[in-house]
Structures are given as C-alpha cells and as structure tokens.
Amino acid sequence: MTSSHTPRRIACLQPSATVILAAVGELDRVVACTKYCADVVAELAAQPRIIVADSWTAKAEQILATQPDLVIASIPYQEKAVVEILKSGARFLGFAPKTLADIYTDVATITGLVGASDRGEEVIAMMQQRVERVRARTANSIRPRVFCEEWGKPLIASQAWVAELVEAAGGDFLGAPGRQISVEEVARMDPDILIAAWCGAGDRVPLEKVVAERNWQGTRAARGSRIYCIRDEYLNTPAPTLLGGLDALASAIHPELFAATDGIRRISCASSSTTANLRR
C-alpha cells in the first residue's frame, strides 16, 4: 500500500485505536480523538487534538468538522451513534474484539491501513511474547480464583481478553466474561482475589464502600486482604496498553513471583470496619 492510498486524517472514537497508532509511530494521522484517548496516550499532551464524542455518543457534525478520511470506532456503540458516524460520510472502520487474538487482528488491520504492517507485526509479537513469558513463570504455581469486574452497577465481569490475561498471570477467572452477575453469586463463588477495573473510572473505584455495600467482608479475598483496583485503561483498552494490566494482574495474583507495579491499588480489610489503603 503506497502512502497516497493511506488515510491521512483519522478520527479515533475509541482509545484503543489511538494507542495502536501511537505504538507504531503514526499518531500524526490522528486529527481528532475522544477525551479518553487523551487520558491514555501521553503524547497527546504535547500535541492536542480536536476532542470529539466517543463510539457511544458520536455526533455527525463533530466528525464532519474534523474532515477525516477515516473514522475508527469500537463496541460498545448505540445504533444512533452508528447512524451519526455514517451521516458524516467518512469511511468507517468498526471493531468488536473479544479475545487477545481479536486484538492482534485489530492491530494488524489498523497498522496495515496506514502502511505500517511491519511495525504492527512487531507490536503483536511483543505483546504475545510478554504474555507467554508471564505464563511460563506461573505455570507451576498454585492458581488463586479471581473475580474481575469491569462495571459495578450492574455488576459485570471483565471481558474475555481479561480472562485470558488472568489465566496467563496464574489465576483462574471466575464467572462468564463480559456478562452480568449478581453480588450474591460472586459471594457464593468466594474468590481468593477481587479486582475492580471500572470503565472510565481510572483507578478511583471506591473499594471499601463497594465491599461494605455488597457484604463481601466474609469472602476469602477480604479476609486475606486481596482486593485491588487496577486502572481502567490497563484492562479495558484492547491495545498494547493491556500489558500494563498483565503486569498488575501478575503482581496481584502472584506477588511472590512478580514485583509491585504502577496502576494498581490495594485495600486491607480487617474483621472490623477499619480499612487501610495500600499502594503496591
């Protein structure tokens, strides 16, 4: 693909696309992105882009104003948001990854469109190697049972790619990935480790309040002081950002094997109402 055939003005309505383009040195093509993209991609601080609504709330007039030749969006989006994107008249590329394999395909697709296939393959290989290195280190370890949630009300388990990362990090993922589950069912499963990574919440999930409101103080996770918040983008952005989530999961699940890392917050639950915040 020659440079004349590649999109030069891209509007990214999902952080994962912005992260992927940044990873292969093609961020200059991004003329517009969401506020969440700006939160995840540090390079945007030096070169601010036009901020537009995301895949869930897309507006045709905002997209038109940026004059893109490609719009990249991703699930979740509402039907009316898709209509707004199509009304803009720009080419539209939509993604709906579920697994790590899907994410690798998305990386290859996006980088191929901008003529950076070789760099895209390098990114994919790097991600795969990191996952396999962690998997190899945990292969002979005891496997704690882990419940990881991407949203709190309603309670929704994290996506399938998070389940794969949990397994690679030496844990057993509880529940059906991406599905709603009751507070009572999680309590009955009695996980060894509880992890919250709420979409759009950064690392600000109120863990103490959540545990108290759900009456989870009696779970193995609470009794063993193994309740964590991991930064939203580390687990919910299907892009190389997930490697930060892998490191955080590994340090939470097997602290005897992996050093403490950034992007994870732990609370210690005692039998009384006293809780203490600990930074890992």
- Message: Please determine whether a side-chain nitrogen of the Lys or Arg among R130 and D247 lies less than 4.0 Å from a carboxylate oxygen of the Asp or Glu.
- Response: yes

- Item | With V183 via side chain to side chain contact (heavy atoms under 4.5 Å, CB included) - residues at least two apart | L155, R214, W216

- Shortest non-hydrogen pair, P68 vs I63, comes out as CD-O, 3.1 Å

- Item | Axial cation check for Y228 ring with R265, 6.0 Å and 45° limits | no

- Query: Got T18 and Y36 here, is their nearest side-chain heavy-atom distance under 4.5 Å?
  - Reply: no

- Item | Flag, side chain of T219 to backbone of A187, donor-acceptor distance under 3.5 Å | no

- Message: Could you check whether any side-chain heavy atom of I181 comes within less than 4.5 Å of a side-chain heavy atom of I156, counting everything from C-beta outward?
- Response: no

- Would you find a donor on one side and an acceptor on the other, under 3.5 Å apart, between the side chain of R119 and the backbone of V24? yes

- Query: For T6 and R29, does a side-chain donor sit closer than 3.5 Å to a side-chain acceptor?
  - Reply: yes

- Item | Lys/Arg N to Asp/Glu carboxylate O, E61 vs K87, below 4.0 Å | no

- Item | Carboxylate-amine/guanidinium proximity below 4.0 Å for D190 and R220 | yes

- May I ask you to say whether D192 pairs ionically with R145, meaning some side-chain N is under 4.0 Å from a carboxylate O? yes

- Task: Please answer whether the main-chain N or O of I142 pairs with a side-chain N or O of H254 as donor and acceptor at a distance below 3.5 Å.
- Result: yes

- Query: What are the two closest non-hydrogen atoms of A250 and V134, and how far apart are they?
  - Reply: CB-CG1, 4.3 Å

- Query: Just checking, any donor-acceptor pair under 3.5 angstrom between side chains of E233 and T241?
  - Reply: no

- Taking E84 for the side chain and K59 for the main chain, is one N or O donor matched with an acceptor at less than 3.5 Å? no

- Message: Tell me every residue that passes side chain to side chain contact (heavy atoms under 4.5 Å, CB included) with P97, counting only those two or more places apart in sequence or in another chain.
- Response: S74, F95, D102, I103, D106, W161, P238

- Message: Is it the case that the side chains of W198 and E150 hold a donor-acceptor pair, with the cut-off being a distance below 3.5 Å and no angle test?
- Response: no

- Message: Tell me which one of L13, I10, L86 satisfies side-chain contact (heavy atoms from CB on, under 4.5 Å) with V71.
- Response: L13

- Note on the structure: Contacts of I50 meeting side chain to side chain contact (heavy atoms under 4.5 Å, CB included) (sequence neighbours excluded), chain-then-number -> A32, V52, T66

- Under 3.5 Å donor-acceptor, E121 side chain and A108 backbone: no

- Do NZ/NE/NH1/NH2 and the carboxylate oxygens of R135 and E132 come within less than 4.0 Å? yes

- Query: Can you tell me if R226 uses its side chain to pair, donor with acceptor, with the backbone of L194 under 3.5 Å?
  - Reply: no

- Query: Tell me, do I51 and T34 make a side-chain contact under 4.5 Å, heavy atoms counted?
  - Reply: no

